[in-house]
Amino acid sequence: MDIVIENIGQLLTLDKKGPVKGSEMNDLSLLENAAIGIKNGKIEWIGTADEATNIKANSTIDAKGRLVTPGLVEPHTHLVFGGSREQEMALKQQDVPYLEILKQGGGILSTVNATKKASYDELLEKALFHLDRMAAYGITTVEAKSGYGLDKETELKQLKVAKEAGEKHPLDIVSTFLGAHAIPPKYKADPEGFLDLMAELFDEIKAENLAEFVDIFTETGVFSIEQSRHYLQKAKDKGFGVKIHADEIDPLGGTELAVELGAISGDHLAVTSDEGIKQLAASDTIGVILPGTSFYLGKDTYSRAREMIDAGAAIAISTDFNPGSSVTENLQLIMSIAALKLKLSPEEIWHAVTVNAAHAIGRGDQAGSIAVGRNADIVIWDAPNYMYIPYHYGVNHVNTVIKNGSVLFERQEIR
Ligand SMILES: N=CN[C@@H](CCC(=O)O)C(=O)O
Ligand SMILES: [Zn+2]
């Protein structure tokens, strides 16, 4: 064995055939006093701490009775962007709505300008920086969207940056084309024409393997249900999986559209209707809930994820890391917000950031679980049990992150 992790107090394997739906999300199997053997970057063996004493290994990691889980899976980020938008904080304090800032040419459109101006190398450097931070928070697989180009050249630049970042950085990146993120000023009167322009990129993106999924922002003042249906159907016809930024601010029925189209995920779902919840629960579409966005946009209402799970849906949660509506790489903080604002149980939350998140980005067979034969993507936490992470909020509980069998991050002791 290359490495044995011994003396694991509580091991969550999350080794389930997902996506895990409804009440099954409460069903967490734990191993106590466990150990894991790693060989050639893969999990080779899982057993008890006693059995581990007979196993020969090149190195051992003493987990000292701590919690061990799969690496977290982050299923919705806007990883590649130029600049930042701290000046919008004052507008938020004056209660200027998110969509109003966008209408005035700010918000997403201001990041579009910064992203156009940034060089390829600057964007790559910045994306790698954010990936380092995600890794430090225990994330080992990340979805990354484009969408701050809104022209062919800059959208491709973003997608190529994401691809190179995935090659350079130890974390795995799953790429999504979000050219339909906003209507650029030039196309204000012709959103369909803009969507046609973005759809012209589908063949090149496929041929160069630049994205697996196509996503759209279905929202008041952005793209309508009809426009979204037409655009995503074209993407499906080209062989892409589809996702929707659905029912984030106004309840247009994006959740129902995600179900109708067989989308791999419907994301946000902050104001999904009763009918949308019913349809989601009866479907294979995963609800990717982004409660950090509701928090950061100062909303009083949060996604009815509790009702979605109670109705039988599969739910994942994510930071929605982006420079406008949720500026954090800290998925552990989002786990706390999910507990406090969505009223999810710790067991549901762990499913939502591992196995279900992996399924929401087409990596259910590779990421989000600890099982023999899988990549050794493992986190050792400075916590005695799984309930502790959402409970102690706002800080980083990571002790050690292992990616593909190599130690990627270790908490430094300063004493
Ligand atoms: N709502 C649309 N897109 C992003 C925000 C992008 C931005 O504000 O820059 C989201 O998922 O919240
Ligand atoms: Zn988003």
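Each ligand, and each atom within it, is numbered from 1 in the order the structure gives. Keep in mind it's a predicted model, so treat the numbers as computed, not measured.
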- Provide, to 0.1 Å, the distance between atom 9 (O) of ligand 1 and the closest protein heavy atom, together with that atom's residue and name. Tyr148 OH, 2.6 Å
- So, does Asn322 use its side chain to make a donor-acceptor pair with the main chain of Asp320 at under 3.5 Å? yes
- Query: Looking only at heavy atoms of Thr111, does any of them come nearer than 4.0 Å to an atom of ligand 1?
  - Reply: no
- Angle at the Zn ion (ligand 2): provide the value between NE2 of His76 and OD1 of Asp320, rounding to 10 degrees. 80°
- Message: To check your reading of the model: name the closest protein heavy atom to atom 1 (N) of ligand 1, its residue, and the distance in Å.
- Response: Glu248 OE1, 2.6 Å
- Query: Taking the six-membered ring for Trp, is the centroid-to-centroid distance between His130 and Phe81 below 6.0 Å?
  - Reply: yes
- Item | Under 4.0 Å to a heavy atom of Arg85 - the qualifying atoms of ligand 1, by number | 7 (C), 8 (O), 9 (O)
- Distance col, row Phe223:CZ vs His230:NE2, nearest 0.5 angstrom, shows 12.5 Å
- Task: For His76, counting its heavy atoms only, list the atoms of ligand 1 lying under 4.0 Å from any of them.
- Result: 11 (O)
- Task: Could you tell me whether some N/O pair between Asp320 and ligand 1 is separated by less than 3.5 angstrom?
- Result: yes
- Query: Any idea which part of Phe81 is under 4.0 Å from ligand 1, heavy-atom wise: side chain, backbone, both or neither?
  - Reply: neither
- Measure the acute angle between the ring planes of His268 and His245, then classify it against the limits of 30° and 60° as parallel, tilted or perpendicular. tilted
- Query: To which protein heavy atom is atom 8 (O) of ligand 1 closest, and what is the distance rounded to 0.1 Å?
  - Reply: Tyr98 OH, 2.5 Å
- Would you confirm whether Glu219, through its side chain, and Asp250, through its main-chain N or O, come within 3.5 Å as a donor-acceptor pair? yes
- Task: Distance to 0.1 Å, residue and atom name: give those for the protein heavy atom nearest to atom 12 (O) of ligand 1.
- Result: Ser325 OG, 2.5 Å
- Task: May I ask you to check whether Phe202 and Tyr231 place their ring centres under 6.0 Å from each other?
- Result: yes
- Examine all N, O or S atoms of His268, backbone included, and report whether one is under 2.8 Å from the Zn ion (ligand 2). no
- Query: For ligand 1, is there an atom lying under 4.0 Å from some heavy atom of Glu219?
  - Reply: no
- According to the interplanar angle, ranging from 0 to 90°, do the rings of His78 and His181 count as parallel (below 30°), tilted (30 to 60°) or perpendicular (above 60°)? parallel
- Of the non-hydrogen atoms in Ser326 and Tyr296, which two are nearest, and what is the gap between them? N-CD2, 3.9 Å
